[in-house]
Structure formats: C-alpha cells, structure tokens
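We name chains A, B, ... by the order of the sequence lines, and we start the count at 1 in each one.
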Protein chains: 2
Amino acid sequence: MRFDVLVEIRLRPGIADPQGATIERALPALGFDGFSHVGVGKAIRFNLDAADEMAARTSVDELCQRFLANPVIEEAEVSLSPGATTL
Amino acid sequence: MRFDVLVEIRLRPGIADPQGATIERALPALGFDGFSHVGVGKAIRFNLDAADEMAARTSVDELCQRFLANPVIEEAEVSLSPGATTL
C-alpha cells in the first residue's frame, strides 16, 4: 500500500529562528503589515510503500527521530494519506 | 481577525532536488525501505491579522509570489485557518 507523506520540521518553541525573524522584520518595509510569529522550517514529502497505515507511521516516526529532525531543537509533524500521487 | 497560516514551498516538478535525492539514496543503507519521490521544501508558518479570509489570502498569495517563493522554480501552497495559536 502506498502512502503520501508530508513531514513538517519546525524549531521547538524557544529556539532562536533567525530566518523567521529576518523575514518578519523585513515585511513592514516591503508593504506587508499584520504578520507576526514568522517561523521557517522544512517540508519533506515522499511516497512510502508499507503494509498498512500503522507500519507506515511507525517507520516515518523512527525516520524523523533518527535522521530528518534534530530532536534537541526541532519537532516533526507527520501527515500521512493513502493513495499515490506523482510528486 | 487573526489567521494561522502555513505556506509550503516546494520545487516545481522537473526541477532537480539534490537534497531530496541524497536523502532517498541514503535511506536503504540506513535500514529504511519503501521510500520514493523524496522532495525537500520549506514550511513557513506565521500569524496574520486581516479583515477577513479573502483579504488574508490575497495578502499571503502576493507575499508568496513576490518574496517567499521563486516562481521560476518553486510553487507555494497556502493553508489558512482562523484562530490564534502561539507558535
């Protein structure tokens, strides 16, 4: 069974985010008002062939903990949906 | 009215993604099988104060086109939900 997976990696609350801070600081001068709490993270998409949704989720969670995210400063949110789409 | 916004920036189909390709190539040797079409993009989250959802969406779309994404090689997907959460 094939799953479409999106892993969003973002910095944990309290960890400095210079990239987000720079964007937030620049926006008013560029004519964009009302933006706050800008945070920049990673979005990793892939397809995964697994027996069922539980197997897929286990595999993705382990992958996130071990390689995709740095658990000291980052947290990962996994969205998993059945069905294949071309990337 | 305050909105929680997630902008996912990903490379357009056909644009080389060396980061994704490297992850995909490494996974089998690390004990992770069944992964394919790995793509790495950006996830930008922020809060936006706007009069209504349409105003918010217009503002975010313009921001994506002008600054957050490079429309030549990247596409942006905007998810917008009402209500404030702390980031």
Side-chain angles (χ1 to χ4, degrees), chain A residues 1-15 17 19-24 26-51 55-56 58-68 74-77 79 84-87, chain B residues 1-15 17 19-24 26-51 55-56 58-68 74-77 79 84-87:
Chain A
M1 198 173 168
R2 172 162 285 202
F3 297 89
D4 293 329
V5 186
L6 167 63
V7 176
E8 185 193 344
I9 313 271
R10 50 180 176 235
L11 290 168
R12 289 188 184 281
I15 304 288
D17 182 352
Q19 222 184 139
T22 303
I23 293 174
E24 190 169 333
L27 288 179
L30 296 167
F32 292 91
D33 292 306
F35 291 81
S36 60
H37 298 98
V38 181
V40 179
K42 269 178 284 188
I44 304 176
R45 278 190 180 272
F46 47 84
N47 294 143
L48 172 56
D49 294 308
T58 307
S59 178
V60 174
D61 284 346
E62 198 197 338
L63 178 66
C64 289
Q65 286 302 311
R66 289 185 55 196
F67 298 110
L68 296 185
E74 293 169 330
E75 58 194 9
E77 187 181 322
S79 313
T85 57
T86 51
L87 199 74
Chain B
M1 197 174 172
R2 174 164 286 204
F3 296 89
D4 293 329
V5 187
L6 166 64
V7 176
E8 185 193 345
I9 313 270
R10 52 180 175 237
L11 289 167
R12 288 187 184 282
I15 303 290
D17 182 352
Q19 221 184 144
T22 303
I23 294 175
E24 190 169 333
L27 289 179
L30 296 166
F32 292 91
D33 291 305
F35 292 80
S36 59
H37 299 98
V38 182
V40 180
K42 272 178 282 189
I44 304 175
R45 278 192 180 272
F46 48 83
N47 294 144
L48 172 58
D49 293 309
T58 306
S59 178
V60 174
D61 283 346
E62 198 195 339
L63 178 65
C64 288
Q65 286 301 310
R66 288 184 55 197
F67 298 110
L68 296 185
E74 292 170 330
E75 56 193 10
E77 188 180 322
S79 314
T85 57
T86 50
L87 199 74

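Proximity to chain A involves both the backbone and the side chain of B/Glu62, based on heavy atoms less than 4.5 angstrom apart. No part of B/Leu11 comes within reach of chain A, as not one of its non-hydrogen atoms sits under 4.5 angstrom from that chain. Residue A/Phe32 touches chain B through its side chain alone, counting heavy-atom pairs closer than 4.5 Å. Within the 4.5 angstrom heavy-atom criterion, no atom of B/Ile9 approaches chain A.
Between chain A and the options B/Val40, B/Leu30, B/Ile23, the largest number of non-hydrogen pairs under 4.5 Å is found for B/Leu30.
Closest of all the heavy-atom pairs between A/Met1 and A/Ala51 is CB-O, 4.1 Å. For B/Val38 against B/Glu24, the heavy-atom pair with the smallest separation is N-OE1, 3.0 Å.
The closest side-chain heavy-atom distance from B/Glu8 to B/Ser79 is not below 4.5 Å. Looking at A/Leu6 and A/Ile44, their side chains never come closer than 4.5 Å, going by heavy atoms from C-beta outward.
Residues passing the salt bridge (Lys or Arg N to Asp or Glu O under 4.0 Å) test with A/Asp61: none are found, sequence neighbours excluded.
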